[in-house]
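What follows is one structure encoded as structure tokens, with my remarks underneath.
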Amino acid sequence: VSPEINDDRAVDTALIKRWKEGDQLAATMIVERHATALARFAASSGVRERIDELVQDTFVRAFNSIDSFRADSALRTWLFTILKRLILDRRRAEKRQSGMVELEEGHAVQAYSALDSIVADETAMRVRNAVGTLSPMQREVFLLRVTDGMAYSEIAKVVGSTEGACRVHYHNAMRSIKEMLSDDA
Amino acid sequence: VTMRDCPDGALRDLLPLYVSGQLGDADHARVEAHVQGCADCTAEIELLRATVRAFEVKPIDAATISAKLPTARSARRARPFHSQPLWRVAAVITFMIAGTATMMVVRQPSAGSLMLDTLATLPADGRPTPAETTIAANTLSGQHATSTISFGNNLSDLTDAQLEALLASLDRMDGTVSADPVALVTPIVPEASGRRNQ
């Protein structure tokens, strides 16, 4: 674990302690540190609507059960696992309501088009399409590693796999994306 | 154009952390030095940066979310009762007491073990006294038989007719457990002559 990651954990631990002591501003700082990463994770998982609502529910649930947070993983990892459960819950609810098919491989490409990207250059668009062809597991691992710089051990906790398997998923994903971009060129 | 992988796998593994600024000073400097002369890693870094751009999202309004968050005090109140530590300890202690009590009840002598105990105390010749046989027969019928059967020494001493009478007595028992055992119907005594199987 790099010193920066350790620092991150120490900052989160200190903020949680302050919040428990009654400092509500510490909760705001925690939200500022992690909200965008959670939104990105939701979007890359194929969520198209009400992403901010999902992020908010994640924080509400997290703060209501903060005592069950174990410091052996990063706070962000724990938040991702909560968000992931909420995404699944929402999908199940939507499926029940409208008989919607569950999001599967390939659907993610369309889902990303709902992203309000700030930069939509050509290379980024091609990368987005290439990522959309990955398996759901490869996609999650690849994006957690690249966009959040997460350690494999933390990614493994989010996706429910092992560190070694995540490493393999990452490199396979990278190989596939390179092949796709090479074919396009 | 084919994108190739740099042969230094360990260094390639650091590239995503380099792009997201997660590396320590030493690793950061190491990657910088390597990238200067490695076209493959330079191309991969550009790919990683494009990925980050491709998945950028609108910043989330932290203030709006924070306004909905519970205070530490209200979160404590909202916690479900079953998740509170004291309740968990009490549940474990109750479970252990209940388990111990169950074990003690189960280990008490049952009707079956009473019969086995009775048989274990048979005299050396293996023939029970009439009283012992009656106890064993009663035990076999669950100690609540609707009629009592007794006979002299043991089953091999009975004639066929006596055995049939015994079976008929057994048949009359409807198997219903009764709290009021009825008195002896017909004592069956083995005949002096005419042993079975002779």
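Residue numbering restarts at 1 for every chain, and letters A, B, ... go by the order of the sequence lines.
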>> Within the 3.5 Å criterion, strictly below it, is a donor on A:Arg61 or A:Asn64 matched to an acceptor on the partner's side chain?
In response: no
Checked B:Ser20, B:Pro16, B:Ala63, B:Ala67 vs chain A; the most non-hydrogen pairs under 4.5 Å come from B:Pro16
- Query: Is the A:Trp78 ring parallel, tilted or perpendicular to the A:Phe69 ring (thresholds 30°, 60°)?
  - Reply: tilted
The interface call for A:Met174 against chain B, heavy-atom contacts under 4.5 Å, is side chain
| task | Go through the steps for A:Met29 and B:Ser66 under the test side chain to side chain contact (heavy atoms under 4.5 Å, CB included), then give the verdict. | result | CA-CA 9 Å; A:Met29 291 170 77; B:Ser66 301; over 6 Å; no
Interface check, chain A: of B:Ala43, B:Ala50, B:Gly9, most non-hydrogen pairs under 4.5 Å belong to B:Ala50
From the list A:Ala35, A:Gly22, A:Ala62, the residue making the most non-hydrogen contacts under 4.5 Å with chain B is A:Ala35
Side-chain donor/acceptor of A:Arg139 to backbone N/O of A:Leu134, under 3.5 Å = yes
Should B:Ile45 and B:Val19 count as side-chain neighbours, where that means a heavy-atom distance under 4.5 Å? yes
If one checks every heavy atom of B:Asp5 against chain A at 4.5 Å, the contacting part turns out to be both
query = After noting the C-alpha distance and the side-chain angles of A:Arg175 and A:Asn172, does the key distance pass the side-chain hydrogen bond (donor to acceptor under 3.5 Å, both in side chains) rule?
reply = CA-CA 5 Å; A:Arg175 189 173 303 118; A:Asn172 286 341; 3.1 Å; yes
With chain B, the option among A:Asp148, A:Leu25, A:Ile30 that has the most non-hydrogen atom pairs under 4.5 Å is A:Asp148
Most contact-rich option vs chain B, by heavy-atom pairs under 4.5 angstrom, among A:Leu38, A:Ile66, A:Thr36, is A:Thr36
Taking the six-membered ring for Trp and the full ring for Phe, Tyr or His, determine whether the centres of B:His28 and B:Tyr18 are under 6.0 Å apart.
yes
Cut-off 4.5 Å, heavy atoms of chain B, and the answer for A:Gln24 is side chain
Counting heavy-atom pairs under 4.5 angstrom with chain B, the leader among A:Ile177, A:Val127, A:Asp52 is A:Val127
